[in-house]
Student: 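Structure incoming, see below.
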Amino acid sequence: MGEWNDFWRIFSLVFLVTAIPVAVMITLEKRSPYKTVAWILALVLLPIFGIIFYLFFGQEYRKRKLFSRRGIKSLGKIRKLSSQQLRDIDEQTNLHLNSTVFGKENIIRLLLNNSDALLTTGNKLKILNDGKETFDAIFKAIKHARHHIHLEYYIFSNDKIGNQLKSLLISKSREGVEVRMVVDDVGSWGLKTKFISELRENGILFSSFMEVRFPRFTSKVNFRNHRKIIIVDGKIGFTGGINVADRYIEGVKKLGPWRDTHLQIEGDAVDCLQVVFAADWYYVSRENLTGDNYFPSFSEAPGIPMQISASGPDSDWESIGQAMFSAITNARDKIYIATPYLMLPQQIDYALKTAALSNVDVRILIPEKSDAIIPKWSSFSFVEELLEAGVKFYFYQNGFIHSKYMIVDNAFSTVGTTNLDFRSLETNFEVNAFIYDEKFTHELMKTFTKDLSNSKEIKLREWRRRPWHYKFRESLAHIASPML
């Protein structure tokens, strides 16, 4: 008995000495009260483990400027142009905008201010609605590359499609085309040394983003590069939800087909996508990409107006989340959302409820079957209150939907890598295209309508009849959602 008493005295002392300083640290970070309480509750309910979990996954580095963007030459020109565009918007000059953009100037200004996201007009876009269509388009573009191919992915797998792409990249590198690759170290942990060595031995410049190795593990594991970017010759680019892995083509046995959305971009916006890649490449290699071969002059030709915005710990603001919030709060007719994970920051949750209660047609599409069980339960935990506010919910039935897009009214949409969850909106490195065009929005609406045809609508009365243990596990996941 005496030994147990001594153990608990020592345990209590260690807990007090460690947990209280960590709790004070969390409080001083001035996060949302919701997130602060969640972390402090974890410290109390999971002694020692809660502290370890916080050190690995919970620290906030945005305000500490851990990821500096100084020294990136391509950003200087972009910042000058964004300042000029802000003046042009105020003076209503030199914007070359079609009529559908007017009324969205607030979002354009916001993205110029929070992420230097230039508004470009000389663009052509194509929606790619599955893995096969996406990789067919990517392979075609790469085969025609003459100067450079830049790739950045969260997941790059050593499987059939990964090896097909590797072989093509090696072939282009042997032709003299510059090939640069960045993969997230955690997302692409499965890549073997042999795979990477083969790339490097054939002239491909390869880097892992934020390598996670002990003892530096705690400062890096929480901030993952979730971007998916390909740029070919500075003229054609791709971004969206699709990583390099067979499941994006073949599906997953337990889930069924994998439904996703990617975007092919041609025109001036590719320069902006290149800037995002160049910043990440500079971070991993200290090589500055400059010159007309990488950044062709803006054509300012007629085309689809759009902005490319990146967000992450290297930016001062949660720029993509702010733009989504602004679009939701300014919606007048409809808000249609597809997301694989729904773990809403309080401000987005509040904005969606307010829009629905204001008689805006709000519809949210999420998967019924998920590749991640706790995020699935957490997503379900948000459904009831949103249904009560008048939001319409649809659960995708034909496999797993991993698409990340939003449609607001008739001439605004966004497609990219950002899930509607805490991690994507507040922590990860992400990139989204914000598009101001009635015709493109109509095309994306066709995609959403087709997705709804493969879904079932969830009614409030039916949802409330779920077994109590379902509600309990969802409530626990809800509490944990700010930490996931």
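Note that the numbering runs from 1 along the sequence shown for the chain. All figures in this text were calculated on a predicted structure; none of them were measured in a lab.
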Student: What residues form a side chain to side chain donor-acceptor pair (under 3.5 Å) with Tyr405, not counting sequence neighbours?
Tutor: Asp451

Student: Please report the interatomic distance CG(Asp184) to CE(Met210), rounded to the nearest 0.5 Å.
Tutor: 9.0 Å

Student: Do Tyr394 and Asn454 pair up side chain to side chain, a donor and an acceptor below 3.5 Å, judged on atom types alone?
Tutor: no

Student: Can you find a heavy atom in the side chain of Asp159 that is under 4.5 Å from one in the side chain of Arg247?
Tutor: no

Student: State which residue, out of Val182, Ile229, Val232, Leu169, fulfils the side chain to side chain contact (heavy atoms under 4.5 Å, CB included) condition with Leu151.
Tutor: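 Only match with Leu151 under side chain to side chain contact (heavy atoms under 4.5 Å, CB included): Leu169.
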
Student: Testing Leu342, Leu420, Ile374 for side chain to side chain contact (heavy atoms under 4.5 Å, CB included) with Ser379, which one passes?
Tutor: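 Looking at Leu342, Leu420, Ile374, the match for Ser379 under the side chain to side chain contact (heavy atoms under 4.5 Å, CB included) is Leu342.
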
Student: In Å and rounded to the nearest 0.5 Å, what is the CG to OG1 distance from Leu128 to Thr447?
Tutor: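 Here the interatomic distance stands at 10.0 Å.
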
Student: Answer yes or no: is there an ion pair linking Lys353 with Glu385, defined by an N-O contact shorter than 4.0 Å?
Tutor: yes

Student: Quick one: list whatever passes ring pair (Phe, Tyr, Trp, His ring centres under 6.0 Å) with Trp258, sequence neighbours left out.
Tutor: Tyr248, Phe400, His402

Student: Which heavy-atom pair separates Thr418 from Ser424 by the least distance, and what is that distance?
Tutor: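 Between these two residues, the closest heavy atoms are CG2-CB, 3.7 Å.
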
Student: Walk me through whether Leu352 and Ile337 qualify under side chain to side chain contact (heavy atoms under 4.5 Å, CB included).
Tutor: CA-CA 11 Å; Leu352 288 168; Ile337 295 169; 3.8 Å; yes

Student: Looking at Lys228 and Asp260, does any basic side-chain N land under 4.0 Å from a carboxylate oxygen?
Tutor: no

Student: Indicate whether the side chain of Ser309 and that of Ser115 have a donor and an acceptor atom separated by less than 3.5 Å.
Tutor: yes

Student: Does the distance from a Lys or Arg side-chain N to an Asp or Glu carboxylate O, for Asp233 and Arg146, drop under 4.0 Å?
Tutor: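 Result for this pair is no, no salt bridge flagged.
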
Student: Does the separation of the ring centres of Phe395 and Phe380 fall below 6.0 angstrom?
Tutor: yes

Student: Return the minimal non-hydrogen interatomic distance between Tyr154 and Asn225, and the atom names on each side.
Tutor: CD1-O, 3.3 Å

Student: Rounded to the nearest 0.5 Å, what separation is found between the CD1 atom of Ile335 and the CZ atom of Phe412?
Tutor: 10.5 Å

Student: Do Lys140 and Asp136 sit within salt-bridge range, that is, some charged N less than 4.0 Å from a carboxylate O?
Tutor: no

Student: Side chains of His478 and Ser381 only: does a donor on one sit below 3.5 Å from an acceptor on the other?
Tutor: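 Indeed, the side chains of His478 and Ser381 share at least one donor-acceptor pair under 3.5 Å.
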
Student: Quiz question: by atom type and distance under 3.5 Å, do the side chains of Ser299 and Asp268 form a donor-acceptor pair?
Tutor: yes

Student: Regarding Glu430 and Thr417, is there a side-chain donor-to-acceptor distance under 3.5 Å anywhere?
Tutor: yes

Student: Can you find a pair of side-chain heavy atoms, one from Phe422 and one from Thr427, that are under 4.5 Å apart?
Tutor: no

Student: Which heavy atom in Asn432 sits nearest to a heavy atom in Met324, and how many Å separate them?
Tutor: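 It is ND2-CE, 3.9 Å.
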
Student: Just how far is it from atom OG of Ser188 to atom CG of Asn243, taken to the nearest 0.5 Å?
Tutor: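 Between atom OG of Ser188 and atom CG of Asn243 there are 7.5 Å.
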
Student: Locate the shortest heavy-atom distance separating Ile435 from Leu263; write the atom from each residue and the value.
Tutor: CD1-CD2, 4.1 Å

Student: Heavy atoms, side chains only, cut-off 4.5 Å: are Asn419 and Asn428 in contact?
Tutor: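 Contact flag for Asn419/Asn428 side chains = no.
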
Student: Please give me the minimum heavy-atom distance between Pro340 and Lys404, naming the atom from each residue.
Tutor: CG-NZ, 3.7 Å

Student: Looking at every heavy atom in both Gly162 and Phe156, which two are closest together, and how far apart are they?
Tutor: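 For Gly162 versus Phe156, the nearest heavy atoms are O-CE2, 3.7 Å.
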
Student: Give the ring-plane orientation class for Tyr336 versus Phe448, where under 30° counts as parallel, over 60° as perpendicular and anything between as tilted.
Tutor: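 Parallel: the ring planes of Tyr336 and Phe448 meet at under 30°.
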
